Structures are given as C-alpha cells and as structure tokens.
Amino acid sequence: MLEALTPQPQDKILVLMAQFREDPRPAKIDLGVGVYKDATGLTPVMRAVKTAEKQLWERELTKTYTGLAGEPAFHAAMVNLILGAGFADRAAVAATPGGTGALHQALELVKMASPNATVWVSNPTWPNHTSIIRFLGLNIAEYRYFDATSGGLDAEGLLSDLAKVAKGDVVLLHGCCHNPTGANPSADLWAKMADILANRGAIPFVDLAYQGFGDGLEADAAATRLIASRFPEVLIAASCSKNFGIYRERTGVLIALGEPSRRGVVQANLAYLNRQNFSFPPDHGARLVTMILEDPALCADWQAELEEVRLNMLTLRQSLAEALRRATNSDRYDFVAHHRGMFSRLGLTEAQVNTLRDTHGIYMVGDSRINIAGLNARTVPILAQAIALVGG
Ligand code: LMR
C-alpha cells in the first residue's frame with residue numbers, strides 16, 4: 001500500500017524553516033516563519049501565560065476529557081474577545097487544534113453543508129489556505145488584492161472580483177494583518193466589501209490569526225465585528241498562537257454564526273466534526289486563555305504585554321522603512337511603515353530573495369515576505385543594506 005504514495009507538495013514556509021536551521025553561518029537572519037521574537041531573538045512565554053500555568057498546576061484536579069467541542073467558558077471568552085457582547089445566541093463554537101484546525105474544520109463544514117460552493121481567497125494568501133481547500137476537494141477561486149507596484153491594495157481589482165462571487169459562495173477574508181502582504185483594507189474599504197458581498201449573498205469566512213498585532217485588540221476585531229453584524233451567516237477561524245504566544249499548545253476556535261433557531265444543530269455538527277477528525281480538542285492552551293480572559297488582573301497584564309509586542313513591531317517597521325530610504329535612496333519601501341501585523345511583502349524577485357539567502361544569510365519566503373518581528377535594531381540596517389546590494 002505505502003508504495004503507492006508519491007511526494008506531496010512542500011509548504012514553502014516549512015521548507016525555509018528547515019533550510020535556516022541547517023545553515024551553519026552564525027550571522028544568519030531568520031525572517032521566515034511567522035513567530036514573534038523579542039530583541040534578543042527569543043519567543044518568550046508571556047507573563048500572564050506563565051502565571052496562569054502556575055495557578056493551573058496548583059488547582060487542576062483532573063485531566064479527564066474536556067467537552068467534545070471544548071469548554072463553554074473558553075467559547076464564551078473567545079466570542080467576547082473577538083465579537084464583543086450580543087452574539088451568544090447566534091454563535092456555535094468549537095475549540096480546535098490551533099487556527100489551522102479551525103480553518104480545516106470550517107472548510108469541512110462547508111463541504112458537508114454546501115459541497116458545490118466555491119471558496120474565494122485573496123491573491124496572494126497564506127499558502128496553507130489554498131492547500132487545505134484543495135486537499136478537501138472544494139472549488140477555489142481568487143480575488144485580486146495586492147498591488148505589487150505600490151505595496152498597497154488593489155482596491156479596484158478587489159471590489160470588482162468580489163462582485164463576481166455567486167450566491168452561497170464562501171469568501172475567505174483576513175480579519176486583520178494580511179498574510180503574506182501586510183496590506184490591509186481601510187474601514188471605508190471594508191464597508192464597501194461588505195456591501196458587495198451582502199448583495200451577492202456570499203458567506204464571509206474570516207481568518208483572524210493576529211488580533212492585537214496590528215492596530216490593537218479592538219481595532220483588529222473591527223472588520224470581523226462589522227461582518228458579524230451584517231451577515232446572517234459567518235464563519236470565523238481564530239488563533240491564539242500569536243496573540244497569546246502559545247504556538248505549540250495548538251489553541252484555536254471556530255465560530256459559526258447563524259440563525260439563533262439553528263444554533264443547536266450547527267453546534268452538534270461542530271462537535272461531530274471534531275469527533276471525526278481528532279475527538280477532543282487540546283485543552284491546556286484553551287484553559288490558560290480562559291483563565292487570562294476571565295481574570296481582570298491577568299487580562300490587564302496580558303494586554304499590556306501584547307501592546308508592547310505590537311509597538312515593538314511598529315517601531316521596527318518605522319526604522320526599516322527609514323533604513324531602506326537611506327540605503328536605496330528612494331521612498332519605494334515606505335509602504336513597510338504603513339503595513340500592519342507581522343508581515344510585509346517587499347516586492348523583490350525570486351532571484352533577489354535567493355541572493356539575500358545565499359550571499360547574505362538573510363532568509364525570507366520566496367515571494368519576498370518578511371517577518372518584521374525577526375528583525376531587531378542591529379539587523380534592520382543589515383537588511384536594508386543587503387536589499388540595496390541585490391538591487392532591490
Ligand atoms: C506563517 O505564515 O508563517 C505562520 O502562520 C506559520 C505557519 O504555520 O505557516
């Protein structure tokens with residue numbers, strides 16, 4: 001049987017991680033995978049997470065199974081964090097292994113409920129979006145999103161492609177901090193996108209993996225909240241990996257908003273899907289998140305540290321844009337300061353990306369996406385100089 005298997009397409013982000021690990025050069029710089037790093041290169045355990053872990057160790061009496069869709073307290077805390085009050089009667093919720101688990105479960109739900117629907121994704125999008133959609137055999141289409149020349153949005157292309165969406169199609173939107181480009185719609189553009197999608201009868205599917213990394217916890221949820229309030233049905237896949245820094249705990253949530261009268265059936269389907277795929281979801285990270293969000297002191301400490309992380313990335317953006325201005329003697333990289341989240345797509349060619357890696361030991365994804373948090377005050381000028389040297 002196993003001899004029938006053929007190699008699978010490799011995820012370029014994971015390939016890059018492996019290449020970086022194997023590179024013996026001590027001065028190498030990792031701007032690949034989206035993991036936050038502080039100025040010393042460490043991905044720290046957040047203070048509130050450490051405190052909650054200590055409390056949990058002292059208080060936890062059992063490790064028996066949790067609920068099949070996770071704990072109701074986690075559901076309520078996450079719905080409140082993402083959507084605020086007023087959605088409980090519409091929200092079916094399941095804890096999932098990370099944001100990717102939520103994406104996968106949401107797409108399985110689409111496959112069960114509407115197998116012929118087309119799932120629309122931005123061009124470009126996170127490579128694993130298209131990979132999972134194809135893996136599940138769903139139809140896929142792309143809408144224009146990014147203007148590589150300006151480093152900003154192709155708003156006209158975006159709106160005109162969204163106007164082609166058919167009734168019942170699912171439209172995957174990055175709620176904030178677009179991955180891989182870093183370019184995000186303004187509030188005004190979000191409103192126009194929502195108008196068009198509502199007219200088309202589309203089902204929005206929001207991927208919210210970076211809440212708190214862009215303009216702040218509330219601001220980063222604004223587009224998701226707008227969509228939740230405007231559409232009868234919405235899917236939301238959210239991750240706690242980045243904003244709680246608990247990557248390896250695999251903590252995510254799938255929220256399916258629908259008619260209150262259908263909530264019970266949708267909830268049962270989410271639980272069924274969990275059971276078919278992995279049975280009970282991981283609990284440790286979800287429990288820490290619940291403890292933090294429910295405890296005012298822990299929550300305040302978490303928010304303060306998350307804000308430090310966000311501001312650190314903003315400072316790095318600012319100084320990289322300035323260093324690139326000086327190094328290239330042009331303002332063509334000013335978009336880096338306007339982008340939000342962990343990523344910016346720089347618009348370099350694949351050959352330039354390869355030279356940066358091979359000659360300068362600087363690793364970025366092949367499409368020239370950099371992880372801003374992989375930089376620090378020392379490496380910002382090194383990157384800017386190297387970009388100028390490769391002719392960027
Ligand atoms: C990324 O885009 O680098 C992150 O979301 C990590 C991953 O799993 O790809």
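Just so it is clear, the model here is predicted, and its values are computed rather than measured. Counting convention: from 1, in listed order, for ligands and their atoms alike.
Using a 4.0 Å cut-off between a side-chain N of Lys or Arg and a carboxylate O of Asp or Glu, R144 and D161 qualify as a salt bridge.
Ring planes of F335 and H339: tilted class, angle from 30 to 60°.
Screening W126, F146, Y210 for a ring-ring contact (aromatic ring centres under 6.0 Å, His included) with F343, the sole residue that qualifies is Y210.
For H129 and H174, the distance between ring centers is under 6.0 angstrom.
Sorted by chain and number, the residues within 4.0 Å of ligand 1 by heavy atom are I13, V33, G34, W126, N179, Y210, K242, F343, R369.
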Stepwise salt bridge (Lys or Arg N to Asp or Glu O under 4.0 Å) test for R25 and D23: CA-CA 6 Å; R25 289 174 288 182; D23 187 336; 2.8 Å; yes
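K28 forms no cation-pi arrangement with Y363, by the criterion of a distance under 6.0 Å to the ring centre and an angle within 45° of the ring axis.
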